[in-house]
J.: 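Let me begin by handing over the structure; questions about it come next.
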Amino acid sequence: MKIWTKEERYRILKSADEIRPLHERIIQSDYRQHYHIQSVTGLLNDPNGFVFHNGLWHLFYQWCPWGAVHGLKYWYHTVSENLVTWQNKGVCIRPDTEYDNKGAYSGSALPTEDSVYLYYTGNHRDEDWTRRPYTCLVHMKDGGTVQKLRPLFGANENYTEHQRDPKIIFNEQNGKYYLIIGAQTKDKRGCIIIYTSDSATENWHFAGELKVIGFENFGDMWECPSIESISGYDVLIFCPQHIRLAGRGGAVHHSGYLLGHMDWENLIFTPDNTSFHVLDFGFDAYAAECAANPDDKNKATLVAWMGLPDAAYPTDEEEWSGCLTLPRELRVRNRRLIQQPLDGLRQLREEKIDPECTDLLPRVCEMEIISRGGNLTLRLFARADGSGGLVVTYDDTEKQITIDRSQMNRRFNTELGEQRTRPLPKGLFHLRFFIDRSSVEIFVNDGDAVFSSRIFPTEEENRFEIDGDVSVHLWKLKRAVQDNFIVD
Ligand code: FRU
């Protein structure tokens, strides 16, 4: 495994030609995705600035051009008309000022009539490597020009250097703008600090720390916070770090949410019960970002990084890593967030395959399973002798579903645990699998639970096996991302 020096990781990209050969090499990889946004070269992590504006969805990602390493971060820009097919647009925010000299870190977007404002964290480091985060602003005009404005404010002295990932929120009730920012208190507790202004672009001041009742001591840093209003609830989404959760193996960084009520006047979030809900039960999901739905204020669309901090993936040696999850529509049902694949994904269905006639599993496909009850065992990417693969089991006595990736040839991040289980008190009735060349997303019971995971099947792992009282539908899916080299 390559050891990166600081100079290599934080090298500034001067010309696209420096990474063109890398791109040409990695697009040969067997694991390049066909309908998930993935890094043009190097590493992709968080989705950023997800927004609908003037008929187009904009979605950016954290990008380090040089390889599968967290180094100098840029915002890479992709666009879509339908949230299904995506086009690369190129680099949008470069870390080229003193305020963001060591990275343009995560953030969010605010659409206006004829432009979009992008709020992000400028990761400044002094010569001695002391970190000073700035909350920065970019104006992206419809004509395509991108202008960096002066940073809105610097670090808050009362918290540690860990202050980042501004989410912009406009409160229609009181006409104020809020920036909610992930932070760490000096006694190392994760929290959210809030700034406010009457204007989106100036006069920002510190409003206070968000009181999240019952979560005063929950992990040592909260990354990527957001408050969404969905089906009449306020949903606080965030990523607590360095904390273990039951059923999550050795993982210490999580993506989850609390359902409750946000009091913007007093900056208090009151969860309606005491549980932190995991957003995604799979192995690889983090740093979710939501876009408001332009037609329905009670819905939002969520996308996450299909990866984890401090984790390694088999494509690291090919010098690229990371992709985003499919966008998912959010609703609240029975006081839980429901995540459903978008209807538009049906456009990707190409050829319907009769599962009675073959046990070969296409590398890019959708599978739907309707259960008539009882236990189920499913192996995706099993070997020819029926062994191995990603094993999905539903145990009707225990009423729980489990995914297990320990039997695949390429195992990775094993110390985080190789099984994930989710109780299904009402049983299993429906599964939808979205399989791409190196990932699987499983939507359980119509969005009741989602499992997102990277998997890296080898050539001999190409079958599927199903044991249960079920009907199965299988479609090959079309390509929806163009793996083209647009870096300028
Ligand atoms: C989460 C995160 C953010 C930060 C970004 C840097 O994965 O650590 O907190 O802004 O990644 O790439």
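Computed from a predicted structure; not experimentally measured. Indexing begins at 1, ligand by ligand and atom by atom, following the structure's order.
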J.: For ligand 1, which atoms sit closer than 4.0 Å to a heavy atom of Ser106?
T.: 5 (C), 10 (O)
J.: Ring centres of Tyr178 and Tyr195 under 6.0 Å apart?
T.: no
J.: Which one of Asp165, Asn123, Asp46 has a non-hydrogen atom at the shortest distance from atom 2 (C) of ligand 1?
T.: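 Considering heavy atoms of Asp165, Asn123, Asp46, the nearest to atom 2 (C) of ligand 1 sits in Asp46.
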J.: For residues Phe238 and Phe276, establish whether the separation of their ring centroids is below 6.0 Å.
T.: yes
J.: Taking the ring centre of each residue, are His124 and Tyr99 less than 6.0 Å apart?
T.: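 No, the ring of His124 stays outside the 6.0 Å limit from the ring of Tyr99, centre to centre.
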J.: Would one find an N or O of Asn45, backbone or side chain, under 3.5 Å from an N or O of ligand 1?
T.: yes
J.: Decide if the gap between the ring center of Tyr10 and the ring center of Trp129 is smaller than 6.0 angstrom.
T.: yes
J.: For atom 8 (O) of ligand 1, what is the closest protein heavy atom, and at what distance to 0.1 Å?
T.: Glu223 OE2, 2.9 Å
J.: Counting non-hydrogen protein atoms only, what is the nearest one to atom 6 (C) of ligand 1? Give residue, atom name and distance.
T.: Gln62 OE1, 3.3 Å
J.: Is the ring centre of Trp57 less than 6.0 Å from the ring centre of Phe50?
T.: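 Aromatic pair counts; centres sit under 6.0 Å.
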J.: Is the distance between the ring centroids of Tyr134 and Phe153 under 6.0 Å?
T.: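 No, they do not, as the ring centres are separated by 6.0 Å or more.
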J.: Can you list the atoms of ligand 1 that are under 4.0 Å from a heavy atom of Tyr286?
T.: 1 (C), 7 (O)
J.: Do Lys73 and ligand 1 have an N or O pair less than 3.5 Å apart?
T.: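 Such a contact does occur with ligand 1.
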